[in-house]
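Here is the structure we will look at.
Values below: all heavy atoms of this structure, side chains included; hydrogens, waters and symmetry mates excluded.
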Amino acid sequence: MIHISHGPVGCGQYSRAGRRNYYVGTTGINTFGTMNFTSDFQEKDIVFGGDKKLAKIMNEIESLFPLAKGISVQSECPIGLIGDDIEAVSKKASKELNKPVVPVRCEGFRGVSQSLGHHIANDAIRDWVLDKRDGDNSFVGTPYDVSIIGDYNIGGDAWSSRTLLEEMGLRVVSQWSGDGTLAEMELTPKVKLNLLHCYRSMNYISRHMEEKYGIPWVEYNFFGPTKIAESLRKIAGYFDDTIKEGAERVIERYKAQYDAVIAKYRPRLEGKRVMLYVGGLRPRHVIGAYEDLGMEVVGTGYEFAHNDDYDRTIKDMGNATLIYDDVTGYEFEEFVKKVKPDLIGAGIKEKYIFQKMGIPFRQMHSWDYSGPYHGYDGFAIFARDMDMTLNNPCWGKMKAPWIKDEAAPAVAAAA
């Protein structure tokens, strides 16, 4: 898939188009994960419109990279202001090139948060991708075909999820968006069950496939052995006894492994208190993994959540747990001062504030460049990282730079 950033060079949408978690092969020959183009808007394009320039760049891409399976068009902020019809240009180009051209009109993520951007992206896949193989019966399906929807594949999480699903007898036909391909997306309507990881970003497309294709969907959580077992059994409930027996076999197979992890790390982490402030599903999904290690989540919240996210979160929280929504940096800092957690899991914006305060911190958007945390193998890495962070002796030797030494005034007065 090749991405076009329709607008001036340097806009945020251009940089976002290049994200990827998995990349092998030779660029321009058999993989196009990093192939991004910009239409390079100038002042005259703002005045007269850039539709012709967008059409031209698509023809150039086809001549340079004829093996590309499709093209996506991300409109930047100026496009939203002048109203270029990227849909019409994409539709015409798709017919001429005989391959999918997907317009995504989401300038600056739109809305008051990223949540609307997720919805728009889902709609783009619904309208421009999913129906491409509706009349194509060449794909040979099985009764055990599933799709992983909304897994970011941080540190390889999607791969560790696939391992368990395939070991229990299921066939993973597609996984997106963390490690997906255009062909997999087109095949998703052929599966028997959609496994939804990030509810907030992908429930829209899951509901659409349920309504149009009759494909049921189920949320799953592979953080920590307790939630893994619950999820495997819940997923197996949609299939016959072969898969149900496979689920029990997988759970039993890894029991000695995760029992050893708990025996090693729980004594070092028992009773420690955690506060979370993370995006997506993690404010609730990782709670079970912490509890498997004897830790307590005493505060959690989202930045872009809807009411149904909190409805799901409350079920996993203990009594009198602090839950916050879209807190400012100052508010979160004040909550931390009052609650006094032993560990904080949040994003990059919060990381250095709390580290300077001497509070153990894990960057839970990217697993602090570790991972995976999914699956039984991931649980061992999760436990190691929490122990490594929380029990590091450096925290006791740190003092926030804005805290004055109380002895200093007395020494100065005596002098």
Side-chain angles (χ1 to χ4, degrees), residues 1-21 23 27-29 31-132 176-177 180-183 185-186 201 204-205 208 304:
M1 194 79 172
I2 287 182
H3 307 285
I4 297 174
S5 173
H6 187 40
V9 176
C11 272
Q13 197 75 16
Y14 178 52
S15 62
R16 283 195 290 272
R19 290 181 178 177
R20 78 271 185 203
N21 295 76
Y23 190 85
T27 299
I29 303 299
T31 188
F32 304 90
T34 57
M35 302 308 295
N36 293 274
F37 294 83
T38 175
S39 52
D40 187 18
F41 252 45
Q42 303 297 322
E43 289 184 13
K44 62 182 178 61
D45 300 311
I46 299 294
V47 175
F48 298 107
D51 292 1
K52 292 181 180 179
K53 181 172 278 189
L54 178 60
K56 180 181 179 182
I57 197 174
M58 290 187 190
N59 290 326
E60 290 177 352
I61 287 171
E62 178 64 14
S63 63
L64 289 169
F65 305 101
L67 297 181
K69 300 299 183 182
I71 298 172
S72 70
V73 181
Q74 284 90 33
S75 59
E76 295 175 356
C77 300
I79 308 306
L81 295 173
I82 67 174
D84 268 6
D85 193 348
I86 65 171
E87 291 82 9
V89 177
S90 298
K91 188 174 182 179
K92 183 173 183 292
S94 181
K95 290 181 179 179
E96 293 175 350
L97 303 177
N98 194 30
K99 61 181 60 173
V101 179
V102 184
V104 184
R105 187 178 289 279
C106 188
E107 304 85 7
F109 278 126
R110 284 205 183 182
V112 297
S113 76
Q114 289 184 13
S115 182
L116 180 57
H118 295 148
H119 203 156
I120 291 171
N122 279 239
D123 290 349
I125 297 299
R126 177 197 66 194
D127 297 337
W128 298 85
V129 176
L130 279 190
D131 61 351
K132 297 305 178 185
W176 44 294
S177 57
T181 65
L182 185 62
M185 290 183 179
E186 292 174 346
S201 65
Y204 316 103
I205 200 71
H208 166 71
F304 308 125

Any side-chain heavy-atom pair from [X] and [Y] closer than 4.5 angstrom?
{"X": "Ile205", "Y": "Trp176", "answer": "yes"}
{"X": "Ile61", "Y": "Met58", "answer": "no"}
{"X": "Ile79", "Y": "Phe41", "answer": "yes"}

What pairs of donor and acceptor atoms, side-chain ones from residues 89-103 against any protein atom, are under 3.5 angstrom apart with sequence neighbours left out?
{"from": "Ser90", "atom 1": "OG", "to": "Ile86", "atom 2": "O", "distance (Å)": "2.7"}
{"from": "Lys92", "atom 1": "NZ", "to": "Glu96", "atom 2": "OE2", "distance (Å)": "2.5"}
{"from": "Ser94", "atom 1": "OG", "to": "Lys99", "atom 2": "O", "distance (Å)": "2.9"}
{"from": "Lys99", "atom 1": "NZ", "to": "Glu62", "atom 2": "OE1", "distance (Å)": "2.9"}
{"from": "Lys99", "atom 1": "NZ", "to": "Pro66", "atom 2": "O", "distance (Å)": "3.3"}
{"from": "Lys99", "atom 1": "NZ", "to": "Ala68", "atom 2": "O", "distance (Å)": "2.7"}

| Taking only residues two or more places apart in sequence, or in another chain, which ones meet Lys53 in a salt bridge (charged side-chain N to carboxylate O under 4.0 Å, His left out)? |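 Here the qualifying residues are Asp45.
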| If you round to the nearest 0.5 Å, how far is CZ of Arg126 from CD1 of Ile120? |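 So the gap between those two atoms works out to 11.0 Å.
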| If you measure from CG on Leu54 to NZ on Lys56, what distance do you get to the nearest 0.5 Å? |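 Leu54 atom CG to Lys56 atom NZ measures 12.5 Å (nearest 0.5 Å).
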| request: Using the test side-chain contact (heavy atoms from CB on, under 4.5 Å), find all partners of Phe48 that sit at least two apart in sequence or belong to another chain. | output: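 Partners of Phe48 under the side-chain contact (heavy atoms from CB on, under 4.5 Å) test: Lys44.
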| Heavy-atom closest contact (Gly117 atom, Cys106 atom, distance) |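 Distance-wise, the nearest heavy atoms are CA-SG, 3.5 Å.
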| field | Nearest non-hydrogen partners of Ile46 and Pro78, listed with the distance | value |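 Of all heavy-atom pairs spanning Ile46 and Pro78, the closest is CD1-CB, 3.8 Å.
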| request: Determine which pairs satisfy side-chain hydrogen bond (donor to acceptor under 3.5 Å, both in side chains) with at least one residue from residues 80-89, sequence neighbours left out, and list them in order. | output: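 Of all non-adjacent pairs touching residues 80-89, those that pass side-chain hydrogen bond (donor to acceptor under 3.5 Å, both in side chains) are His6-Asp84, Glu87-Arg105.
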| request: Not counting sequence neighbours, which residues clear side chain to side chain donor-acceptor pair (under 3.5 Å) with Asn122? List them please. | output: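 Result, side chain to side chain donor-acceptor pair (under 3.5 Å) vs Asn122: none returned.
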| Pairing residues for Asp51 by the side chain to side chain donor-acceptor pair (under 3.5 Å) criterion, not counting sequence neighbours |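 Expected list: none.
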| query | Among all residues two or more places apart in sequence or in another chain, which pass the ring pair (Phe, Tyr, Trp, His ring centres under 6.0 Å) test with His208? | reply |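 Checked His208 against ring pair (Phe, Tyr, Trp, His ring centres under 6.0 Å); zero matches.
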